[in-house]
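The block underneath contains the structure these notes are about, expressed in structure tokens.
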Amino acid sequence: MPSRIVLNPELLQLVVGMNRILTYAGHVLLEGTLAFWALVWPEGRSDRRLVRLAAIGIALFIVGDEVTIAFVIMSTTSILVMVAPPHASAEGAEQIVLNAEGAERARRRP
């Protein structure tokens, strides 16, 4: 059984929010640069600054995705609990949580 990371809810929300910002920034840099090259300045692919922006976007996007995967695997909560709004009721959050055991039990139900 892998080790688990225990975070209080406020720190959990901060980590998830910062990871979203990192991933979205990478997506914007990558897609924005590609769109600029495709629509405005196709010859700009040889410009080192734009190539660097695209590379930074790729790196941020990959790092953000890997952090998300690692965080979900090592966390005691599932991804659905992490994205649930803080004002959601405990009963509602319990109904949407699908951990490995719950998913397996749900598959076995007739």
Side-chain angles (χ1 to χ4, degrees):
M1 185 127 196
S3 62
R4 302 281 184 184
I5 298 172
V6 179
L7 296 175
N8 64 18
E10 293 82 20
L11 185 58
L12 179 66
Q13 291 295 326
L14 178 68
V15 170
V16 170
M18 293 303 290
N19 188 45
R20 283 182 183 163
I21 290 171
L22 178 78
T23 306
Y24 292 158
H27 182 72
V28 167
L29 285 174
L30 176 61
E31 294 297 323
T33 306
L34 293 177
F36 185 73
W37 281 335
L39 300 173
V40 178
W41 190 30
E43 296 84 21
R45 284 179 257 176
S46 60
D47 186 13
R48 296 179 94 185
R49 291 176 291 180
L50 289 178
V51 171
R52 191 176 315 133
L53 274 179
I56 291 170
I58 290 170
L60 288 175
F61 196 67
I62 290 173
V63 167
D65 283 346
E66 294 299 319
V67 167
T68 300
I69 292 168
F71 189 70
V72 168
I73 289 172
M74 299 300 288
S75 177
T76 57
T77 59
S78 72
I79 185 88
L80 293 174
V81 171
M82 289 192 303
V83 299
H87 55 78
S89 67
E91 297 84 26
E94 287 174 347
Q95 290 175 0
I96 63 169
V97 172
L98 289 176
N99 58 21
E101 294 170 4
E104 186 63 33
R105 275 187 260 134
R107 274 190 238 123
R108 286 189 228 149
R109 288 185 188 162

Side-chain donor-acceptor pairs of residues 35-61 under 3.5 Å, sequence neighbours excluded:
{"residue": "Trp37", "atom": "NE1", "partner": "Gly44", "partner atom": "O", "Å": "3.1"}
{"residue": "Arg45", "atom": "NE", "partner": "Pro42", "partner atom": "O", "Å": "3.2"}
{"residue": "Ser46", "atom": "OG", "partner": "Glu43", "partner atom": "O", "Å": "3.1"}

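Hydrophobic cluster of Val28: no remaining members, since no ILVMFWY side chain lies below 4.5 Å from it. Through side-chain heavy atoms spaced under 4.5 Å, either directly or across other Ile, Leu, Val, Met, Phe, Trp or Tyr residues, Tyr24 is tied to no other residue.
Distance check: Glu31 CD to Leu34 CG gives 5.5 Å after rounding to the nearest 0.5 Å. Here the CZ atom belonging to Arg20 is positioned 7.5 Å from the CD atom belonging to Gln13, to the nearest 0.5 angstrom.
Under the 4.5 Å side-chain heavy-atom criterion for grouping Ile, Leu, Val, Met, Phe, Trp and Tyr, Val63 is connected to Leu29 within one hydrophobic cluster.
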